[in-house]
Amino acid sequence: MHEVTLRMKDIQKSFSGIKALKNINFELRKGEVHALLGENGAGKSTLIKILSGIYQADGGSIEIDGKTISIHNPLDAIKQGIAVIHQELILADNMSIAENIFMGRERCNKFGFIDFKAAEREVQERLDLLGIDLKAATVISKLSTPQKQVVEIVKALTYHAKIVIMDEPTASLSNKEIEMLFSIIEQLKEQHISIIYISHRMEEIFHISDRVTVIRDGEYVDTLKTKDTDADELVRLMVGRQISDYYSHTKRKLDQVVLEAEGICTPDKLKDVTIKLHKGEILGLSGLVGAGRTELARAIFGIDRIESGVIKINGRPAAIQSPGDAIKNGIVLIPESRKEEGLILGNTVGFNITITVLEEFIKFIHVKQAREQEIIHTFFSKLSIKASSPRQAVGLLSGGNQQKAVVAKWLATRPDIIIMDEPTRGIDVGAKAEIYALMDELAKQGTSIIMISSELPEVLGMSDRIYVMNNGRIATCLDGAEATQENIMSYAAGVKND
Ligand SMILES: Nc1ncnc2c1ncn2[C@@H]1O[C@H](COP(=O)(O)OP(=O)(O)OP(=O)(O)O)[C@@H](O)[C@H]1O
Ligand SMILES: [Mg+2]
């Protein structure tokens, strides 16, 4: 018999009359990793928010260790042993790891003073136990994102969490960091802690989870043992159909060079980077996290200052000193971090999609309304953005649908050159295929695309040629039969070098 830690039954939730969750059933066993899978907007985060006390369910029940409980606020959830590792980490930057972990419940020594030393000792012990090379006294601002996640996990442990929820925890992690997270998860399992794991990456689900529950459009579909299923079955359950043509790639002829970066150096990262981009080409940019791919994108787009080197557009040197200059030269950048750079969360989806084309509207002021509606409409259907209406605030969309809105916003400018930084991060498999098809269509029409991606199958499936970066340099350019996972990895890791 398996011991059940958590049972959610018939959970329902509506937002202004629209049903986000219809009848979700979810059972979590002691010490298991249970993946929650579903398309963008299926209701995964909403279910988690109900469990963690951020939202209140409209109906249904929650049992913990066989007892029906009610969770009215985040504190109730913590008291029940439920901890969430949030994707947007909420730690105080100028305080230490230990201070962050014990914030709001500072321990006092026998003289009534806050006992920082005791807090630090406990945190250090836990870090050591997990095999994490961090000091409890280190200030948060010095930590990387994965290290901050570790702090959140240690925090959960000090609260004696029985259930740890991870909502897309690996979205911004490198492979090595993902391995570290997985080894921590294994240790949590050994301590009989149960984990709810949300991710759009199939390989992770197969690697780490014991069971998978699939939800679709706010409805419970099925719960399966991970080892008894495969990616095809899960995708079918998720999207309700088979996806056959996953990558769209029309063979293209590359002749006209539209963009050249020659000998680009930046103060912090790039060393003598030279690349060529052809008209109608999809160019993959591969490499490990920190190799300089995002920096190259930022340099071309005029965000970061170039120390030496030139950028040529259609053979002529272009003075790109700001994103405004880049946009005038027909270049757009779809950034990696949608929250920080991509969207104005408080504004409507429609506004966010059309904000980059506002200048164009002003020129044709008399058709403004109609044109705005047309753009919104086109991209809503092309990328099947799931929102109750274009008037819904973007911040209320599911994570993946926010990402689609960022993509839509920049495509609306009809650029000649698009740089996409991790375009499909956080996007479900069905919607990925839609974005790939759109990229292929744009390339056919002559748009050139630079795609930065950490997912090798995606780079291989979509690119005409692939530049691999290592340590701020271009390590090689691969195409045809040379473009293999092994080759990319060897150049990315610096094992091979041209
Ligand atoms: N506060 C809110 N107000 C209105 N609608 C909301 C709110 N929160 C979520 N929704 C809607 O509920 C639905 C489910 O969203 P949810 O964030 O749970 O999806 P998800 O499965 O986590 O998707 P993703 O994979 O994209 O993160 C979406 O249609 C979303 O727009
Ligand atoms: Mg979500």
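Remember, it's 1-based here, ligands and their atoms both numbered in the order they're listed. Given the structure is predicted, the values throughout are model-derived calculations rather than measurements.
Open room surrounds CG on D133; 12 or fewer heavy atoms of other groups in view lie less than 6.0 Å from it.
In the candidate list N40, L21, I54, D167, N40 is nearest to atom 24 (P) of ligand 1, counting heavy atoms.
At the shortest separation from atom 31 (O) of ligand 1 among protein heavy atoms lies L396 O, 3.1 Å. Closest protein heavy atom to atom 23 (O) of ligand 1: G41 N, 2.8 Å. Atom 18 (O) of ligand 1 has its closest protein heavy atom at T46 OG1, 2.5 Å.
Ion pairing between a basic and an acidic side chain is recognised when a charged N comes within 4.0 Å of a carboxylate O; R425 and E458 show no such pairing. A salt bridge does not link K19 with D217: none of the charged nitrogens is closer than 4.0 Å to a carboxylate oxygen. One finds a salt bridge joining K162 and D65 here, because a Lys/Arg side-chain nitrogen approaches an Asp/Glu carboxylate oxygen to under 4.0 Å.
When each atom of ligand 1 is checked for a heavy atom of G400 under 4.0 Å away, the hits are 24 (P), 26 (O), 27 (O). Close contacts of ligand 1 with S45, meaning ligand atoms under 4.0 Å from a residue heavy atom, involve 17 (O), 18 (O), 20 (P), 22 (O).
The shortest N or O to N or O distance between G43 and ligand 1 is under 3.5 Å. Considering backbone and side-chain N/O atoms, A42 comes within less than 3.5 Å of an N/O atom of ligand 1. Note: no N/O pair closer than 3.5 Å links A20 and ligand 1 by distance alone.
Note on ligand 1: K49 sits outside its first shell, no heavy atom being nearer than 4.0 Å.
Within the 4.0 Å heavy-atom criterion, the part of H200 lying near ligand 1 is the side chain and not the backbone.
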